2 protein chains.
Amino acid sequence: MATDELMRKALEALGDDGPPSVEAIQRLTDLGGVHEPMMINEVADLLDISPHTLRYYERAGLVEVARDGNGHRLYDADAVRRLVFLTRMRLAGMPMRDLQHYITLVEAGKHTVPERLDMLIEHRDTIRRRIRELALSLTAVEYKIATYGGWTGPDVQDLDTAVPREP
Amino acid sequence: MATDELMRKALEALGDDGPPSVEAIQRLTDLGGVHEPMMINEVADLLDISPHTLRYYERAGLVEVARDGNGHRLYDADAVRRLVFLTRMRLAGMPMRDLQHYITLVEAGKHTVPERLDMLIEHRDTIRRRIRELALSLTAVEYKIATYGGWTGPDVQDLDTAVPREP
DNA sequence: GTTTGCGTTCGAGCGCGCTCGAAGGCCTAG
DNA sequence: CTAGGCCTTCGAGCGCGCTCGAACGCAAAC
């Protein structure tokens, strides 16, 4: 798969305007019902990551995967759902370390829910900060693009930092 | 400096709501008038990067820096402005390679403006995509946090992928 | 039977962006 | 005179997240 199927669906579902809705995200977490266990390549295609990376995640303790009679990996629905979650968190910039810790908590049982919530809240705040940073950079770049288009100053190099005469 | 001074100013200037305005970004590009050349530690503090990194950027050809009688670096206003630009682009995720190429273009003269514009436009689109990805991840995380708070399902682990009964 | 194709394990290697340490110079304070 | 502090250059090292190659196994296709 050339592009990230989940993300493509996600962006389609969200449309091009307005903030993402909870309804939209719900659709994203629905994998479409009951699944046969999947082979590594199917999962890799679904998540748009390499089989190598999937094995790496397993080695890292992020997910347990059963084997068939030939020793080939069989990803059941739980494993796939967890990997959807994990890849989404990775995409959002959560480090492997944190994911490993989070999974440790999940496997330790319900009593770790508060700590998991703490992690999620911190991650949420990290994402928000990152979005704000990017929004700022975006505005800077857009301004720069606009300036390049209409500028007639003395030295082109100044454009890299110049303050415009008019907004 | 513990936090990124420029980013802090930026976030203050932009406020907590609404999209960043061109007016706001203008203020950010104003370094406050004429500058004495700065020593490496001053620049490092201003940009919230290490002196090591500044030397590294110079080695990488991103900026030329004069020396004083003792061989110490003297960053003039142009160098500082360029570094502000560069660190902002780095923060927005532009790879070193691309920045090196961009700077090569800047130093090649005005006739490279169209190619520079192409780079900026591509970078702008990259930032936009990244913001959309993050917005999606953010919604997913926020939904998950909300679900953790009010959920009474059979298995806590299901929360990692569950679809809620109600939005 | 052999080739093709997809899987396995293991450990090593890579690309990026820093980050650091060693060895030394210059200036100033005590 | 010496010690401290900040600077210099140079090359090496690191942390992260993959990414790959080697050597092998099984099973269906020809």
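Proteins come first, then strands; the chains are lettered A, B, ... in the order of their sequence lines, and each starts at number 1. Being a predicted model, the structure only gives us computed values, none of them experimental.
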D/dT8 C1' sits how many Å from B/Met39 CE, rounded? 11 Å
Between D/dC18, D/dG11, D/dC6, spot the one nearest the side chain of B/Asn41, thanks. D/dC6
Between CG of B/Asp68 and P of D/dC6 the distance, given in whole Å, is 16 Å
Nearest-Å distance for atom pair CG/C1', residues A/Leu54 and C/dT9: 16 Å
Atom pair CD1 (A/Ile49) and CG (A/Leu83), whose distance is rounded to the nearest 0.5 Å: 6.5 Å
Just the rounded figure in Å: distance from P of C/dA12 to NE2 of A/His52. 16 Å
Is there a donor-acceptor pair under 3.5 Å between the side chain of B/Thr112 and the backbone N or O of B/Glu115? no
Closest non-hydrogen contact found for A/Val80 with A/Leu46 is CG1-CD2, 3.8 Å
Please determine if a side-chain N or O atom of B/Arg90 lies less than 4.0 Å away from the OP1 or OP2 oxygen of C/dC18. yes
Residue closer to the 5' end of DNA chain D, A/Tyr57 versus A/His72 (nearest nucleotide): A/Tyr57
Between C/dT9, C/dT19, C/dG7, spot the one nearest the side chain of B/Tyr56, thanks. C/dT19
Modelled atom types, side-chain donor and acceptor of A/Thr87 and A/Arg90, under 3.5 Å: no
Starting at atom CZ of B/Arg73, determine the distance to atom P of C/dC26, rounded to an integer number of angstrom. 16 Å
Once you apply a heavy-atom cut-off of 4.0 Å, does B/Arg55 come out as touching a base, just sugar-phosphate, or nothing? base
Would you mind reading off the distance between A/Asp48 atom CG and D/dT19 atom P, rounded to a whole angstrom? 11 Å
Regarding the side chain of B/Asn70, the nearest nucleotide among C/dC26, D/dG17, C/dT9 is C/dC26
Spacing of B/Met94 atom CE relative to C/dC18 atom C1', expressed in whole Å: 19 Å
Measure from the side chain of A/Arg67, starting at C-beta and using heavy atoms only, and say which of C/dT8, D/dT8, D/dC18 lies closest. C/dT8
Taken to the nearest whole Å, CE/A/Met38 to C1'/C/dC6 is 16 Å
Give a yes or no answer on whether the side chain of A/Asp76 reaches the backbone of A/Asp78 with a donor-acceptor pair at less than 3.5 Å. yes
At under 4.0 Å between heavy atoms, what does B/Pro51 touch on the DNA or RNA strands: base, sugar-phosphate, or nothing? nothing
Given D/dT8, C/dG7, C/dG11, the nucleotide with the shortest approach to the side chain of A/Arg59: C/dG11
